Amino acid sequence: MTNRHERGIHELYEADAERADWLVFGRKSNPDRRGFLRGAGLTTMGLALGASIPFADRLPGGVIPAAFAQTPDEFVLQGKDGLIVMNDRPINLETPPHLLDPDITPIANFFVRNNGLVPEMTEDPDGWTLTIDGEVDNELTLTLAELKSDFEHVTMQAVIECGGNGRAGFEPSPRGNQWTIGAVGNGEFTGVRLADVLDRAGVKSSAVYTGHYGADPHLSMEEGRPALSRGIPIEKALSPETMIVWGMNGEDLPLAHGYPIRILVPGFIGSANQKWLNRVWVRDQEHDGPGMTGLSYRVPRFPVAPGAEVADEDMEVLTTLRIKSLITRPETGSEVAASEPLRVRGHAWSGETDVADVEVSIDFGVTWHGTEFTASPNKYAWATFEADVAFPEAGYYEIWARATDSEGVSQPMVVPGWNPRGYGNNSTHRIAVTAV
Ligand SMILES: Nc1nc2c(c(=O)[nH]1)N[C@H]1C(S)=C(S)[C@@H](COP(=O)(O)O)O[C@H]1N2
Ligand SMILES: [Mo]
């Protein structure tokens, strides 16, 4: 089913060193400065090495830094542990499901999805500015220090899931990162309500949508060209759960997750959560920045045949997440004792609905068993389920999990509605175990 291609840094450099520079660090060879690493690429390499590189201007292109060359493992991002490196963009890391077991996903295990390059680390986070403009009475520019001092602080848990999570399951295979199940995590975020900030700016009655901008350079390194700029309906922007956050799991937001600030839109697909946020443009029409038009983060308004070409006017913007679950214990491929009940654990989440129930099956979905279900600490965080399953005899089994939301909508067992870019696959998670 999966056509995921995992590529380590060695494989990338062996195949084509210049392209590897480009993919991993966004480094372009340049006839004058022969691929010397600067700007965002340098930040990325520094991030991966865990230190700045004083002689960076002498580091030749196309050479794997020895720090990576010495490790037999794949390229790993500093502060990240055990994640799967995707191959077609700089820094896209997926989390294997067993690393998603804790109720709050540790930063080390939280997936990373970038459309462009990681921007340079700002030296003065308190001086970072956020501009609110467009359909407002008073255009505002606030520093991070002002955001922190002038508005009420809120801490809440929320799931961030990439709209393309599960893309690898679609056939024919859509373009893009071939995420399987782990482009998702549940973090605890601290910040202020976007509504409070928008209130200060005074939202005009003409406002219908927001447009979010971040500081990450486009892969082309073209000045002023956003890598991604998505937005949300004004009702969601004014809803109390939508926040501007600077804290994650009790720490400053890590650089890979948008330091110093990102927008958090609980219940919406990952791309709504703009990282390195520096502008919220309040608009009198649906936002049309990069990632809002064509096939990007858009799906057909009606079911289409797999592989179909869909006309632009038949596509609509993807907004909310769907009911979904994953199994975090045991790890797929485990050998377990046939004679003892096996503890199964996992999480379930949804977009604007609540998770109502999770069931598990060990007989390919013929019979289903209830689970002990712990509701999430707040809406938009994931819930946790646990169950003991008993195997009738030794052999190969699959454990399947299926969540149902508060409106009675369940996860499908087959991959739902094919769409050109492979969004919204919320089919049941299956893992393999051998009972011995
Ligand atoms: N500025 C900026 N924000 C961004 C992105 C990006 O490329 N640039 N990627 C988005 C996408 S597609 C997802 S799924 C989430 C992933 O968040 P994470 O990397 O913190 O896990 O960030 C979103 N915010
Ligand atoms: Mo995403």
Side-chain angles (χ1 to χ4, degrees), residues 26 40 44 47 77 79-80 83-86 88-95 99-100 105-120 122 128 130 158-167 174-179 181-189 210-220 225-232 244-249 251-280 287 289-292 295-299 317-321 421-425:
T44 305
L47 202 64
L77 191 62
K80 293 287 171 185
L83 305 192
I84 299 157
V85 180
M86 313 306 270
D88 68 341
R89 291 280 178 188
I91 316 195
N92 283 297
L93 309 175
E94 158 159 5
T95 314
L99 295 182
L100 292 172
T105 309
I107 284 166
N109 304 144
F110 212 99
F111 84 101
V112 178
R113 187 338 181 198
N114 293 333
N115 288 266
L117 301 168
V118 177
E120 283 176 69
T122 168
W128 181 271
L130 169 65
V159 166
I160 295 182
E161 182 187 15
C162 184
N165 195 22
R167 177 176 292 132
R175 242 184 68 184
N177 287 312
Q178 296 300 305
W179 305 109
I181 185 102
V184 63
N186 184 54
E188 186 184 69
F189 296 96
T210 58
H212 313 151
Y213 289 86
D216 46 331
H218 188 269
L219 287 180
S220 65
R225 180 171 173 193
L228 178 80
S229 173
R230 301 203 68 248
I232 53 174
I244 297 164
V245 300
W246 58 77
M248 182 173 181
N249 297 3
E251 298 173 26
D252 282 346
L253 207 56
L255 182 58
H257 297 292
Y259 174 90
I261 51 172
R262 81 183 301 169
I263 195 163
L264 183 74
V265 188
F268 271 45
I269 58 163
S271 53
N273 302 271
Q274 193 85 30
K275 301 192 276 191
W276 311 290
L277 183 74
N278 54 22
R279 179 184 180 204
V280 175
H287 186 48
M292 289 297 289
L295 301 179
S296 302
Y297 305 104
R298 280 154 53 98
V299 288
V317 175
L318 196 56
T319 55
T320 59
L321 295 174
R421 284 286 161 82
Y423 299 115
N425 178 3

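Since this is a predicted model, take the numbers as computed values, not measurements. Just so you know, ligand 1 is whichever comes first in the structure, and atom 1 is the first atom listed for that ligand.
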Regarding His287 and Ser229, is there a side-chain donor-to-acceptor distance under 3.5 Å anywhere?
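Distance-only check passes for His287 and Ser229.
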
Tell me the closest heavy-atom pair linking Asn177 and Arg167, and the distance in Å.
O-NH1, 3.0 Å

Do Leu130 and Val280 come close enough that some side-chain heavy atom pair is under 4.5 Å?
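When only atoms from C-beta onward are counted, Val280 and Leu130 do touch, with a gap below 4.5 Å.
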
Just checking His257 against Phe111, ring centres under 6.0 Å apart?
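So the answer is no for these two rings.
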
For the CG atom of Leu318 and the CE atom of Met292, what is their distance to the nearest 0.5 Å?
10.0 Å

Residues lining ligand 1 [heavy-atom distance under 4.0 Å, listed by chain and residue number]:
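Within 4.0 Å of ligand 1, protein side: Phe110, Phe111, Val112, Arg113, Asn114, Asn115, Cys162, Asp216, Leu228, His257, Arg262, Gly270, Ser271, Asn273, Gln274, Lys275, Trp276, Tyr297.
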
Keeping Tyr423 on the side-chain end and Tyr297 on the backbone end, is there a donor-acceptor pair under 3.5 Å?
yes

